[in-house]
Amino acid sequence: MGSSASDTPPSATVGGRASIVDFIILARPKQWAKGAFVFIGPIYGRAIHDLPSVLAVLGAFLAFGFASSACYVHNDLRDRDLDRAHPRKCRRPIASGRIGTRPAYVFFFILLLLACTMLVLVPAGAENHWQRELLAGSVVLYITNVLAYSTWLKHKVVADVISLSMGFVLRVLGGCAAVGIEPSTWLLNVTFFVSMFLAFGKRLGERRSMGDAAAATRGVQTKYTDDLLRMAVVVTAVATLLTYAQYVQSQAALYTKGFNLLWLTMLPATYALLRAMVKVEAGEYDDPTEMAIRDRPFQIAAAAFGVLTVLLILWFRVEVVAH
């Protein structure tokens, strides 16, 4: 009996039917939201004050964005066989066969080139010639870390989460380098702990939503247990809040008007973290970062935190300049 087109396995499908939309999906533009970490250092350091500084931070954001897209393409190429066994990932452009291997590799190198090109937005004058080099180094380390994760570290318990967290830390370092400021210890600690919270939360969410099938798509899940992941989520959430609370307390001299107004940002920060814990534990999301796109209460809390922080920074900066 002759075989029909529908009998052809995904692995045998040849690229050629890919559309621009498929390549956009492959680049994961929604994941560029993680690039917001690039802005944290310049915002808290009050280093965004003119067009060159705006362009520098934008250049850092775009460089990490294109670099992350390139890494996602590489990851999808490596995991295409595993993805075909996943109920959701099997629809990805490479796993489904809509984009062939060769076009995917070409796209990978184009994205890397675009990431390098974005560095020209960072000043390279006599006083800050090192900014572009430090940002470039952060991007290179980011790519190296992600590729190491894709090929090796993702199979190592705890090391997988630390590697993912370093991706966010490197974004923060890159943003600081773009405007020529040194990142504070509290900033690096908060970034590190909240990133670990997101990564452990994702693993717990996968176990909640997929059950035993979670280990089939992420091998390291066989080395974690539900109780261990619950404890890790709680510990990293508490560490994040305590570290940020320490920063709020250290800034009392600057932000006090009757009381330390920066403390107000603790409210939406605490709510957002605890809501993420509740939703992941309930299995409603298999990735806490997905909440930033779909969960309205979480979005409101995140927006409130961001708006409050920016308004307070701007308000007290104006007062400092006025005095």
Polar side-chain atom of S163 near backbone of A159 as donor-acceptor pair, under 3.5 Å: no
Treat each ILVMFWY residue as a node, draw an edge where side-chain heavy atoms are under 4.5 Å apart, and state whether Y247 and L267 are in one component. yes
Which distance, rounded to the nearest 0.5 Å, do you find between the NZ of K202 and the CG of L229? 13.5 Å
Check for a donor-acceptor pair, side chain of D76 on one end and backbone N or O of V73 on the other, with a separation under 3.5 Å. no
Does W315 reach the side chain of K257, with side-chain heavy atoms less than 4.5 Å apart? yes
S195 versus V169: any side-chain heavy-atom pair under 4.5 Å? no
Walk me through it: do M277 and E281 pass the test side chain to side chain contact (heavy atoms under 4.5 Å, CB included)? CA-CA 6 Å; M277 291 174 60; E281 175 67 23; over 6 Å; no
Say whether Y142 and R171, considering side chains only, have a donor N or O and an acceptor N or O under 3.5 Å apart. yes
Going by side-chain contact (heavy atoms from CB on, under 4.5 Å), name the residues that satisfy it together with Y105, two or more places apart in sequence or in a different chain. L77, T101
Lys/Arg N to Asp/Glu carboxylate O, D160 vs K154, below 4.0 Å: no
Going through the distances and angles, do I48 and V54 end up as a side chain to side chain contact (heavy atoms under 4.5 Å, CB included)? CA-CA 6 Å; I48 302 179; V54 171; 3.7 Å; yes
Can F37 be reached from F192 by stepping across I, L, V, M, F, W or Y side chains whose heavy atoms are under 4.5 Å apart? yes
Any side-chain to backbone donor/acceptor pair from R203 onto A199? Under 3.5 Å, distance only. yes
For R46, is the CZ atom crowded, meaning more than 12 foreign heavy atoms sit under 6.0 Å from it? yes
Report yes if some heavy atom in the side chain of E284 is under 4.5 Å from a heavy atom in the side chain of M291; otherwise report no. no
Determine yes or no for a side-chain-to-main-chain donor-acceptor pair under 3.5 angstrom, with T265 supplying the side chain and T309 the backbone. no
Out of curiosity, L242 CG to Q249 CD, how far, rounded to the nearest 0.5 Å? 11.0 Å
Indicate whether any N or O donor in one side chain lies under 3.5 Å from an N or O acceptor in the other, for Q221 and R207. yes
With a 4.5 Å cut-off on side-chain heavy-atom distances among I, L, V, M, F, W and Y, is there a chain of contacts connecting V157 to Y149? no
ILVMFWY network linking L153 to F168, side-chain heavy atoms under 4.5 angstrom: no
Could you go through residues 296-306 and list every donor-acceptor pair under 3.5 Å that involves a side-chain atom there, pairing it with any protein atom two or more places apart or in another chain?
{"unit_1": "R296", "atom_1": "NE", "unit_2": "Q299", "atom_2": "OE1", "d": "3.2"}
{"unit_1": "Q299", "atom_1": "NE2", "unit_2": "A292", "atom_2": "O", "d": "3.0"}
{"unit_1": "Q299", "atom_1": "NE2", "unit_2": "I293", "atom_2": "O", "d": "3.0"}

Between atom OG of S69 and atom CZ of F23, what is the distance when rounded to the nearest 0.5 Å? 13.0 Å
Between T243 and N189, is there a side-chain donor-acceptor contact under 3.5 Å, judged purely by atom types and distance? no
Do W32 and F66 make the cut of ring centroids closer than 6.0 angstrom? yes
V248: which of W263, Y255, W186 passes side chain to side chain contact (heavy atoms under 4.5 Å, CB included): W263
Spacing of F107 atom CZ and L114 atom CG [to the nearest 0.5 Å]: 8.5 Å
Determine whether K156 and V220 make a side-chain contact, defined as any pair of heavy atoms from C-beta on separated by less than 4.5 Å. no
CD1-NZ distance between I25 and K30, expressed to the nearest 0.5 angstrom: 9.0 Å
Applying a strict under-4.5 Å side-chain criterion to I, L, V, M, F, W and Y, I'd like to know whether F64 and L164 cluster together. no
Would you say V278 and L274 make side-chain contact, with heavy atoms under 4.5 Å? no
Any side-chain heavy atom of C176 sitting closer than 4.5 Å to one from L187? yes
Would you say that L26 contacts Y72 through its side chain, given a criterion of any heavy-atom pair below 4.5 Å between the two side chains? no
Roughly how far, to the nearest 0.5 Å, is CG of L188 from CG of L173? 5.5 Å
Quick one, L55 and P52 - any side-chain contact, counting heavy atoms below 4.5 Å? no
Any chance you could lay out the side chain to side chain contact (heavy atoms under 4.5 Å, CB included) test for I94 and R80, step after step, and finish with the verdict? CA-CA 6 Å; I94 294 177; R80 58 187 181 274; 3.9 Å; yes
Would you call the rings of F39 and F61 parallel, tilted or perpendicular, where under 30° means parallel and over 60° means perpendicular? tilted
Stepwise, does the ring-ring contact (aromatic ring centres under 6.0 Å, His included) test hold for Y244 with F193? CA-CA 10 Å; Y244 182 66; F193 288 130; over 10 Å; no
So Y44 and I40, side chain to side chain contact (heavy atoms under 4.5 Å, CB included) or not? Walk me through it. CA-CA 6 Å; Y44 279 99; I40 295 176; 3.7 Å; yes
